[in-house]
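Structure record follows, encoded as structure tokens.
This one's a predicted model, so the numbers in the text were calculated from it and none came from an experiment.
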Amino acid sequence: MLIPDTYLTVHEELLLFFGAVLLGCALEILFDLFRALRLIIPHKTAATALEDILFMLIWAGVVICFTSVFAKGDLRIFYIIGNILGFILWRVTIGNPLVRLLSRLLNTIFKLIKWIFSPITKLCVRAYKKCTSKFVNNAKNHKREKKPLIAARKMLYNIFNKKGRKDEAENGSEKKGKEA
């Protein structure tokens, strides 16, 4: 009978801990990308929360893959501690200057893209202003004065005036009919 090797030696656990520290450094690089994007493109708190939730889901998936591939499916607390230590180690040593460099680089790329597409955006803005001015002026010219139906005389249901008598126009037409 073969007994599967389910236990890790101290040497293997130490290697897994250092692997978890390296994995934490790699996750901090991904988080630095999120931080650089936040510096370039201002976010509202809801978008920042969604980014953080997305990062946590990615981190959980990476830890599960790490334990499945390297640790024979055993999740130990020192893997998570190693991730956090690697995360902190990267941020303290390389992370903050790297975020500044990434934000400058991405800001330069965005300015370049904005400069390339500026003639197209100017053309679109000019066309938009022309169209809106024509349509707004056209709509202003065609506004009608709205009168309630009762105010207009000689309407079918407006035969009687306030005193209950027939309207003058109809009285006049009846008199003309009797005279003839």
Side-chain angles (χ1 to χ4, degrees), residues 4-143:
D5 185 21
T6 57
Y7 296 105
L8 298 172
T9 63
V10 174
H11 176 70
E12 289 173 334
E13 287 182 354
L14 188 61
L15 286 175
L16 287 173
F17 177 74
F18 287 132
V21 170
L22 288 175
L23 185 63
C25 291
L27 287 169
E28 173 60 28
I29 292 171
L30 177 68
F31 192 70
D32 284 344
L33 287 173
F34 282 121
R35 284 176 49 202
L37 284 175
R38 286 180 195 165
L39 287 175
I40 293 170
I41 303 168
H43 289 65
K44 292 190 176 183
T45 54
T48 304
L50 287 175
E51 284 180 0
D52 289 342
I53 290 170
L54 177 68
F55 177 74
M56 289 303 229
L57 290 173
I58 291 171
W59 181 55
V62 166
V63 168
I64 289 171
C65 290
F66 176 79
T67 57
S68 296
V69 173
F70 297 111
K72 300 177 185 175
D74 289 336
L75 177 63
R76 308 277 172 104
I77 192 73
F78 68 86
Y79 302 150
I80 296 171
I81 293 171
N83 281 163
I84 294 171
L85 284 176
F87 200 85
I88 292 170
L89 180 68
W90 183 269
R91 176 167 289 183
V92 170
T93 57
I94 300 171
N96 289 330
L98 183 67
V99 166
R100 284 189 219 107
L101 179 70
L102 276 174
S103 65
R104 287 182 187 156
L105 179 69
L106 289 174
N107 198 8
T108 306
I109 290 171
F110 284 142
K111 283 182 181 179
L112 180 66
I113 290 171
K114 189 177 180 180
W115 180 76
I116 288 171
F117 287 107
S118 67
I120 297 170
T121 55
K122 287 178 184 177
L123 180 69
C124 291
V125 166
R126 192 174 297 143
Y128 172 76
K129 285 183 179 178
K130 273 191 170 184
C131 289
T132 54
S133 67
K134 282 188 178 183
F135 286 119
V136 168
N137 288 336
N138 196 12
K140 285 181 182 176
N141 290 339
H142 289 295
K143 276 190 175 178

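Residues meeting the ring-ring contact (aromatic ring centres under 6.0 Å, His included) test with F70, sequence neighbours left out: F66. The side-chain contact (heavy atoms from CB on, under 4.5 Å) test applied to I58 returns L30, L54, V62, not counting sequence neighbours. In this view, I29 and W90 satisfy the side-chain contact (heavy atoms from CB on, under 4.5 Å) rule, not counting sequence neighbours. Checked against side chain to side chain donor-acceptor pair (under 3.5 Å), E51 has the following partners two or more places apart in sequence or in another chain: R38, H43. Listed by chain and residue number, L106 satisfy the side-chain contact (heavy atoms from CB on, under 4.5 Å) test with L37 (two or more places apart in sequence, or in another chain).
Counting only residues at least two apart or on different chains, the ring-ring contact (aromatic ring centres under 6.0 Å, His included) pairs with a member in residues 14-40 are F31-F55, F31-F87. Residues in residues 16-26 take part in no side chain to side chain donor-acceptor pair (under 3.5 Å) pair, two or more places apart or across chains. For residues 15-26, no pair satisfies salt bridge (Lys or Arg N to Asp or Glu O under 4.0 Å), with sequence neighbours left out. For residues 80-94, every residue pair satisfying the salt bridge (Lys or Arg N to Asp or Glu O under 4.0 Å) rule, not counting sequence neighbours, is listed here: E28-R91.
Across all their heavy atoms, G86 and C25 have their closest contact at O-SG, 3.4 Å. Of all heavy-atom pairs between L16 and A71, the closest is CD1-CB, 3.9 Å. Taking all atoms of both residues into account, the shortest heavy-atom contact from L89 to T93 is O-OG1, 2.8 Å. Minimum interatomic distance between A36 and L102 (heavy atoms only, all atoms of both residues): CB-CB, 3.8 Å.
For the atom pair CG (L123) and CD1 (I120), the distance works out to 8.5 Å, reported to the nearest 0.5 Å. To the nearest 0.5 Å, atoms OG1 (T45) and CG (L50) are separated by 10.0 Å. For the atom pair CD1 of I53 and OG1 of T48, the computed distance is 11.0 Å after rounding to the nearest 0.5 Å. The distance from the OG1 atom of T67 to the CG atom of L75 is 5.5 Å, given to the nearest 0.5 Å. Once rounded to the nearest 0.5 Å, the distance linking CH2 of W59 with CG of L23 reads 9.5 Å. With rounding to the nearest 0.5 angstrom, the CG atom of L33 is 8.0 Å from the CG atom of L98.
Two residues are said to be in side-chain contact when any heavy atoms from C-beta on lie closer than 4.5 Å; R100 and L105 fail this criterion.
With D32 contributing its side chain and V99 its backbone, the two residues share no donor-acceptor pair below 3.5 Å.
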Show the numbers, then the answer: is there a side chain to side chain contact (heavy atoms under 4.5 Å, CB included) between L14 and F78? CA-CA 10 Å; L14 188 61; F78 68 86; over 6 Å; no
Using atom types as modelled, flag every donor-acceptor pair under 3.5 Å from a side chain in residues 108-119 to any protein atom, sequence neighbours excluded.
| residue | atom | partner | partner atom | Å |
| --- | --- | --- | --- | --- |
| T108 | OG1 | R104 | O | 2.7 |
| S118 | OG | W115 | O | 3.0 |

